Asks: 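Input: one structure, supplied below.
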Amino acid sequence: MPIDPAARAAAALPTPDAAAREHSQRLARHIHDEIAATGGAIPFSRFMELALYAPGLGYYSAGATKFGEAGDFVTAPELGPVFAACVADAVAPVLRQLGPSALMLELGGGTGAFAQTALMRLMELDALPARYLILEPSAQLRERQRARLFERLQPMLFELVEWIDGPVPHDWNGVLFANEVIDALPTPRFSIRGREVMEQYVATDGERFGTQWRPADSMLLQAVRFIERRLGRELPDGYTSEVLPQLPYWIQAVAGGMQRGAMLFVDYGYARAEYYADDRTDGTLRAFYRHRMHDDVLAWPGLQDVTASVDFTALAEAGLSAGFDLAGYCSQASFLLGNGLAGVLSRIEQIGNDEERLRRGNEVKRLTLPSEMGERFQAMGFEKDVEFGTAFLAGDLSHRL
C-alpha cells in the first residue's frame with residue numbers, strides 16, 4: 001500500500017496541544033478500525049465524512065473552536081454584521097411575498113452571528129419570518145449559538161429561533177440559506193488513468209493513512225463521463241479532481257417539502273469550465289488549520305477543516321432537478337452591492353467612533369475586494385413560485401454556467 005511520505009506538509013503546521021492530539025488520535029483509531037473492518041480501504045469521501053462529522057469526534061461535531069481568529073478560518077458572518085445585513089435585504093422581499101407564515105432555514109449556524117444580525121435587520125425591514133430554523137449538526141455549536149442569541153437578541157426575536165435535527169419535516173414556504181456548507185460535503189476524488197476513471201481510497205498500515213486508487217463505481221463513473229460530455233472534451237490522462245454525484249439528492253433532501261420560496265447558497269468555487277480547467281490538474285481539495293491552508297488532508301483528523309470548492313454549474317443543475325428555477329448567479333461582491341451595501345456604507349460613515357468605523361470599513365473591503373472574498377466567493381439563488389431574481393441584477397453571471 002503506498003503511504004504518503006513522512007515529510008508531509010503537516011510537519012510545518014503548528015503542533016496541536018496534548019489534549020487536541022489525544023482527540024485526533026481517538027478519531028484516527030476509529031477510522032483505522034473502520035478501514036480494517038471494510039477490507040483495508042475506504043473511499044476518500046467516507047474518510048472525509050468521518051474526519052468532519054463522526055459523532056463526538058469529527059471536526060464539525062466536536063467542540064474545538066473553528067471560526068474566527070482563535071480557530072482555523074474566518075467566514076463572512078464572523079467578520080461583522082455587513083454580510084448578514086445584506087443577505088437579509090436580499091431575502092426580505094421573498095419573505096414578504098410569502099406572508100406571515102413564512103419560515104427561514106439556515107444550514108449550519110456557525111457562532112450564531114449570522115442569525116443575530118439577520119433577525120435584527122429583518123425586523124427593521126418588517127419582514128420577520130414566523131420561525132427562524134437552524135439546522136446544526138454540532139451539539140456544541142448549538143449551545144454556543146443559543147447562548148449568543150439569548151444574550152444579544154430581544155426576547156421576541158429569540159423566541160422565533162428553533163434548532164432542528166433534519167430538514168423541515170412538513171410542507172413549508174420560506175427561504176433556505178447556506179453559507180460555506182456545500183464545500184464541506186464529503187466528496188469523492190477521481191483520477192483519469194489510461195482512460196479509466198479511478199476513485200481515491202484511504203488505506204492504513206495500522207499507524208498512518210495513505211491513499212490508493214481503485215476502479216470507480218458506476219455512480220462516480222457516470223458523473224465523470226457527464227462532466228466530459230458537458231465540457232465537450234475528455235479529461236487528460238492523470239487529471240485528478242472532485243465531483244459530487246450526490247448533490248442533486250442532497251438539495252432535494254435539505255429543501256424538503258418547500259412548496260414556495262427561495263434558496264440562497266454562498267460559497268467559494270467556479271463554473272464548471274473553470275473548475276475543470278486543463279491547468280487545474282489536481283483538483284481543489286485542501287485543508288485549513290490555524291488559518292493555514294495546506295494539502296495534507298489526511299493529517300490530524302478531527303482538528304482541521306477539509307474542503308473542496310463548489311462546481312456552481314453542478315449546483316445549478318441540482319437546483320433545477322429539485323424543481324426550482326435559477327434566480328441568479330454572481331460574485332459575492334456583486335451580490336452585496338446589489339443588496340443594500342450602499343446603505344450599509346452610508347451607516348458606516350455615520351459611526352462616531354473612529355475605531356469602529358475603520359473596523360467596519362475593513363470588513364467591507366474583505367467582503368468585496370477581488371483579492372479577498374469578493375470574487376473567490378459566489379452567490380447562487382433559486383426560486384419556486386416567488387420572485388428572487390432582482391437580488392442578482394448587479395452582476396449576474398448565469399451565462400458562464
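Just so it is clear, the values below take in all heavy atoms, side chains as well, and ignore hydrogens, waters and symmetry mates. Since we're looking at a predicted model, the values are computed, not measured.
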Asks: Are the side chain of E199 and the backbone N or O of P43 linked by a donor-acceptor pair below 3.5 Å?
Replies: no
Asks: Donor-acceptor pair, distance only, cut-off 3.5 Å: does the side chain of E355 make one with the backbone of N353?
Replies: no
Asks: Tell me, do L401 and L326 make a side-chain contact under 4.5 Å, heavy atoms counted?
Replies: yes
Asks: Are F83 and M373 close enough that some pair of their side-chain heavy atoms sits under 4.5 Å apart?
Replies: no
Asks: Donor-acceptor pair, distance only, cut-off 3.5 Å: does the side chain of R280 make one with the backbone of T240?
Replies: no
Asks: Evaluate the side-chain proximity of N362 to R366: yes if any heavy-atom separation is below 4.5 Å, no if none is.
Replies: no
Asks: Side chains of M380 and D267: closer than 4.5 Å at any heavy-atom pair?
Replies: no
Asks: Quick check: closest heavy atoms across L244 and P186, and the distance to 0.1 Å?
Replies: CD2-O, 3.6 Å
Asks: Please assess T75 against F377 for the test side chain to side chain contact (heavy atoms under 4.5 Å, CB included), listing each intermediate value before the final yes or no.
Replies: CA-CA 11 Å; T75 64; F377 283 74; over 6 Å; no
Asks: Looking at every non-hydrogen atom in both residues, tell me the closest pair between L95 and L103 and how far apart they are.
Replies: CD2-O, 4.0 Å
Asks: Are any side-chain N or O atoms of Q304 and backbone N or O atoms of A299, one a donor and one an acceptor, separated by less than 3.5 Å?
Replies: yes
Asks: Just checking Q154: does its CD atom have more than 12 heavy atoms from other residues, nucleotides or ligands closer to it than 6.0 angstrom?
Replies: yes
Asks: Would you please classify the geometry between the W163 ring and the F158 ring as parallel, tilted or perpendicular, with 30° and 60° separating the classes?
Replies: tilted
Asks: Starting from the C-alpha separation in whole Å, work towards a yes-or-no answer on side-chain hydrogen bond (donor to acceptor under 3.5 Å, both in side chains) for Y268 and T307.
Replies: CA-CA 10 Å; Y268 42 82; T307 178; 2.5 Å; yes
Asks: If you measure from the Lys or Arg side-chain nitrogens to the Asp or Glu carboxylate oxygens, is any gap between E34 and R46 under 4.0 Å?
Replies: yes
Asks: Are the side chain of R193 and the backbone N or O of R214 linked by a donor-acceptor pair below 3.5 Å?
Replies: no
Asks: About how many Å separate SG of C86 and CG of L341, when rounded to the nearest 0.5 Å?
Replies: 5.0 Å
Asks: Taking D237 for the side chain and G194 for the main chain, is one N or O donor matched with an acceptor at less than 3.5 Å?
Replies: yes
Asks: Between R144, Q145, R146, which is the residue that forms a side chain to side chain donor-acceptor pair (under 3.5 Å) with E136?
Replies: Q145
Asks: Assess whether a salt bridge exists between R286 and D183, defined as any Lys/Arg side-chain N lying under 4.0 Å from an Asp/Glu carboxylate O.
Replies: no
Asks: Looking at every heavy atom in both R121 and R347, which two are closest together, and how far apart are they?
Replies: NH2-NH1, 4.1 Å
Asks: Would a line drawn from the ring center of F335 to the ring center of F392 be shorter than 6.0 Å?
Replies: yes
Asks: Per the side-chain contact (heavy atoms from CB on, under 4.5 Å) rule, which among L133, L98, L105 passes with W172?
Replies: L105
Asks: May I ask you to test the R360-V344 pair for a side-chain heavy-atom distance under 4.5 Å?
Replies: no
Asks: Test Y270 against T313 for side chain to side chain contact (heavy atoms under 4.5 Å, CB included), laying out the working first.
Replies: CA-CA 8 Å; Y270 316 93; T313 304; over 6 Å; no
Asks: Could you report the tightest heavy-atom contact between I251 and M263, atom names first, then the distance?
Replies: CG2-CE, 4.0 Å
Asks: Enter the distance from I227:CD1 to S241:OG here, rounded to the nearest 0.5 Å.
Replies: 7.0 Å
Asks: Looking at CD of Q246 and CG of L220, how far apart are the two atoms once the value is rounded to the nearest 0.5 Å?
Replies: 10.0 Å
Asks: Less than 4.5 Å apart, any side-chain heavy atom of K365 and any of E372?
Replies: no
Asks: When rounded to the nearest 0.5 angstrom, what distance separates CZ in R96 from CG in D126?
Replies: 7.0 Å
Asks: Is it the case that the side chain of R21 and the backbone of P16 share a donor-acceptor pair, with hydrogens and angles ignored and the cut-off at 3.5 Å?
Replies: yes
Asks: Specify the closest pair of heavy atoms between I192 and P236, including all atoms of both residues, with the distance to one decimal.
Replies: CB-O, 3.5 Å
Asks: Any luck finding a side-chain donor-acceptor pair between S309 and Y275 under 3.5 Å?
Replies: no
Asks: Take a 6.0 Å sphere around CZ of F226 and say whether it holds more than 12 heavy atoms from other residues, nucleotides or ligands.
Replies: yes
Asks: Strictly distance-based, threshold 3.5 Å: is any side-chain N or O of T281 a donor or acceptor partner for the main-chain N or O of Y239?
Replies: no
Asks: Tell me if a side-chain donor or acceptor on S61 pairs with a main-chain N or O of A54 at a distance below 3.5 Å.
Replies: yes
Asks: Tell me the closest heavy-atom pair linking M120 and L153, and the distance in Å.
Replies: CG-CD2, 3.8 Å
Asks: Would F114 and V87 satisfy side chain to side chain contact (heavy atoms under 4.5 Å, CB included), going step by step from the backbone distance to the final call?
Replies: CA-CA 9 Å; F114 178 87; V87 171; 3.6 Å; yes
Asks: Within the structure provided, determine whether L50 and P301 are in side-chain contact (heavy-atom separation under 4.5 Å).
Replies: no
Asks: Find the distance between OH (Y329) and NE2 (H399) and round it off to the nearest 0.5 Å.
Replies: 9.5 Å
Asks: Decide whether Y276 and E228 meet the rule of one side-chain donor and one side-chain acceptor closer than 3.5 Å.
Replies: no
Asks: Would you mind reporting whether W213 and Q200 have side-chain heavy atoms less than 4.5 Å apart?
Replies: yes
Asks: Can you tell me how far apart CE (M293) and CG (D305) are? Round to the nearest 0.5 Å.
Replies: 12.0 Å
Asks: Do V175 and L264 pass the side chain to side chain contact (heavy atoms under 4.5 Å, CB included) test, and can you show the C-alpha distance, the side-chain angles, and the key distance before you say yes or no?
Replies: CA-CA 8 Å; V175 172; L264 174 61; 5.6 Å; no
